[in-house]
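Keep in mind that what you see is a predicted model, and the values were worked out from it rather than measured.
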Amino acid sequence: MKSFAPLVHTDPAALVAVGEAGARTAGELMRDARAVAARLPAPMPGSEVLVVCGDRYHLAVTTLAAWLRGHAVALPPNAQPAAVRELAGRPSVVALLHDSDLADAQDVREWLEGHVSGDMADPTWPEALAPDRRLAVVYTSGSTGDHQPCAKTAAQLLGEAQALAATFALRAGEVALATVPPYHLYGLLFGILAPLAAGAAFARETPLHAETVARAARQVEATVLVSTPAHLRGLTVLTRGDLPPLSRVFSSGAPLPRATADELLTKLGLQVTEVYGSSETGGIGWRRHEDVLKDMSPEPAWTPLPGVTVEVAAEGRLLLRSPFLAPDAPVPYPCEDRVEVDARGGFHLRGRLDGVVKIAGKRVAVAEVEQRLLALAAVADAAVVAVESPGARGHELVAAVVAREAGRDAAELVAELRRALLPWFDPVVVPRRIKVVPALPREPSGKLTRRKLHALLGLAGEEESASGGAKDMSVRTDADAASAGPRLGGARDMSAGTEAAPERGGARDMSAGTEAAPERGGARDMSAGTDADPERGGARDMSAGTEAHGASWGVSRDMSAGTGGASAFALGGHARRDEGGAAVHEVEVGVPVDLAFFCGHFDALPVLPGVAQLTALVVPQVAALRPELGPLRRAARLKFTRPIAPGDALVLRLEVRGTQVRFSLARAGEVVTAGALEYEARGG
């Protein structure tokens, strides 16, 4: 019976982790893992160590320590305190280790104090792990409902890591840099376990902005980039030479728009490899965009991972045989995707089984409509969902699209998209409503959850027959499978975009934030950068380039008191580094669709008021991350250049130099808000 070892390094001096937090060797990794293991409680049947670490080296240390001590490791679906506390309360959790600001938990950094360079242990793993030993509990993405735990054995987790290292020819001396959190299965496998299985190294940090990704990649001399479509789209602002030579670029977690793949290849010379799978099944297949795919050219077929066999049931259902399935899973394992197998052993994904609906008697695959939208050069991102429709139609399609070109006239774009779809679909099938939105509210892993989709569409609590109840198959997914149904493909009404509804008499142009409301006597100018405040009787100019100082628009001198609203934002991954004498923090922020600040700003076009951005998000995060700072004295050089809408995915950047803090909020790599804060010294 095959056994598994998570660490194959034999040279104690071989690098396993690099980054601004410091390089670490295989000998130091094993030394630190043994030190942490010695302080963990004794194992019990089914015991778990809950790990919440943003630094990949710390996560590697605590994971190996848990395994050395006889525990499994539990990785949360996100790092939100409420989610962590809920998991920590499970009877199976015997310890909670972290490297953040969590209370009532053990900061693993305290156990690793006194690091002495050159103090190393033999990196040889003491005893190979049995294939059926339970090593980890990970959680599904929540794209089709609540997060669900998935237990992983050594054969599943380490077996897949070994298969990935072999399939993609990862070698000793290479460095993998990941932009996805290490506690997601995709980030864990590609960002830590596969490099360790290959004798390679990984970067400790998780950069988010395109510029910080490029800087980190150059600093650690990365050869492998592990990312998501949302982060890869941000890289298109770079030019050749900004990134070091990359031998492999991986994408997963969401559809990779064809336009993004084309631009990465032509502009940066990056060939992207997409990986398809799920939390439940593990990896299934991969494909590489080796040539620029012209509009509507055939998509490359998927190649099964080693040991994986794809079969097709009568209705086109994917039947899976895989060494990465749970030991008690049925064989073959029935999946919810439809596939076609080609003569060379590859396969093509044809959407979800529950993603085929009838519209006025005509069958249509929701995934195909979404694919056609994603293939258009004018579209950066898209999502399509089927909703029930009264009368003979039965269903209708609703689409949300992100324009490739910022500032594009929305009504013109919608008309262009309809013309592009008509050669492929019957007119009755073309989406009746198309909303142009600034961005789709993807999770840090790149996914779109059913809850957000339904909330944005006003469908909360409903179960559409065309898109509900599907099993999560999107942890590592592609532009075909990921585009089906609510798993990744529901329409998102970001309300800062355009809704084209022929049945309502035409398109309402909201492309620049203007709401045309004849019933209210005309259009209200809410263009990008304007914060209209009806309570104060008009619009306050915060347009691009306008600098508003705290004293001039009513910001309280001490804004640290009103921080309760911060908990309403969904805070994700946090990265910290030192840069030119400043401490730089980057925090992923999700903007809930039901955030109270959207009430009254405005019903048809919700935007997040500038004062709410400052007092409920930026200032509370400064207080949480830099508790040594005193009261806030002044806010200056405030610029609100783009509106923030419900469901937006943002990155908050804080640059701290003494009592001065420069901040920015960015969406898809574009800064939408920026400014500076001045604090008093603590005690002064």
Side-chain angles (χ1 to χ4, degrees), residues 1-4 6 46 48 67 72-75 77 128-145 147-168 184-190 193-194 197 252-253 274-287 302-313 315-339 341 345-347 349 352-353 445 447 469-478 480-482 484 487:
M1 180 179 291
K2 186 176 181 180
S3 56
F4 298 88
E48 302 168 1
W67 294 347
V73 63
L75 301 176
L129 302 169
D132 59 351
R133 178 176 161 182
R134 182 171 170 269
L135 290 187
V137 177
V138 298
Y139 285 80
T140 61
S141 64
S143 58
T144 60
H147 299 287
Q148 298 297 322
C150 293
K152 296 290 180 180
T153 65
Q156 293 175 272
L157 196 63
L158 300 183
E160 184 172 352
Q162 293 173 3
L164 296 174
T167 300
F168 302 115
H184 289 138
L185 182 57
Y186 172 45
L188 175 66
L189 281 168
F190 281 77
L193 295 181
S252 194
E274 292 184 271
V275 183
Y276 160 58
S278 75
S279 297
E280 298 93 337
T281 65
I284 296 175
W286 63 278
R287 65 179 183 180
W302 293 89
T303 299
L305 287 168
V308 174
T309 301
V310 171
E311 302 173 0
V312 185
E315 70 275 25
R317 180 188 295 271
L318 166 61
L319 298 178
L320 184 65
R321 299 179 187 271
S322 172
F324 313 136
L325 289 169
D328 57 352
V331 180
Y333 184 82
C335 301
E336 296 300 319
D337 289 306
R338 295 183 300 114
V339 296
V341 178
F347 63 95
L349 289 155
R352 303 281 290 183
L353 288 171
S445 61
K447 298 197 182 59
K471 199 169 190 178
D472 178 12
M473 289 291 295
S474 60
V475 166
R476 295 188 299 282
T477 188
D478 66 288
D480 287 322
R487 177 172 50 126

What pair of heavy atoms forms the shortest contact from Thr303 to Phe347, and how long is it?
C-CE2, 4.3 Å

Here the pair of heavy atoms bringing Ala165 nearest to Ala194 is CB-O, 3.8 Å

Under the rule for side-chain contact (heavy atoms from CB on, under 4.5 Å), what residues qualify as partners of Ala166, not counting sequence neighbours?
none

What pairs with Phe168 under ring pair (Phe, Tyr, Trp, His ring centres under 6.0 Å), at least two apart in sequence or on another chain?
Phe250, Trp286

With Trp67, which residues qualify under ring pair (Phe, Tyr, Trp, His ring centres under 6.0 Å), at least two apart?
none

Report the distance from atom CD of Glu160 to atom CG of Leu305, rounding to the nearest 0.5 Å.
7.0 Å

If I take atom CG from residue Leu158 and atom CG from residue Leu189, how far apart are they, to the nearest 0.5 angstrom?
9.0 Å

So, taking the atom named CG in Leu164 and the one named CG in Leu193, what distance separates them when rounded to the nearest 0.5 Å?
9.5 Å

Among residues at least two apart in sequence or on other chains, which ones pass side chain to side chain donor-acceptor pair (under 3.5 Å) with Arg134?
Glu48

CZ on Phe4 to CG on Leu129, rounded to 0.5 Å:
9.5 Å

Please enumerate all residues that pass side chain to side chain donor-acceptor pair (under 3.5 Å) together with Thr153, with sequence neighbours excluded.
Gln156

About how many Å separate CG of Leu188 and NZ of Lys152, when rounded to the nearest 0.5 Å?
10.5 Å

Sequence neighbours excluded and cut-off under 3.5 Å, please list the side-chain donor-acceptor pairs for residues 316-325, or say none.
unit_1	atom_1	unit_2	atom_2	d
Arg317	NE	Glu315	OE2	3.1
Arg317	NH1	Cys335	O	2.9
Arg317	NH1	Glu336	OE2	3.2
Arg321	NE	Glu311	OE2	2.6
Ser322	OG	Phe324	N	3.0

Taking all heavy atoms of Pro304 and all of Gly345, pick out the closest pair and write down the distance.
CD-O, 3.7 Å

Separation of Leu185 CG from Leu75 CG (nearest 0.5 Å)
9.0 Å

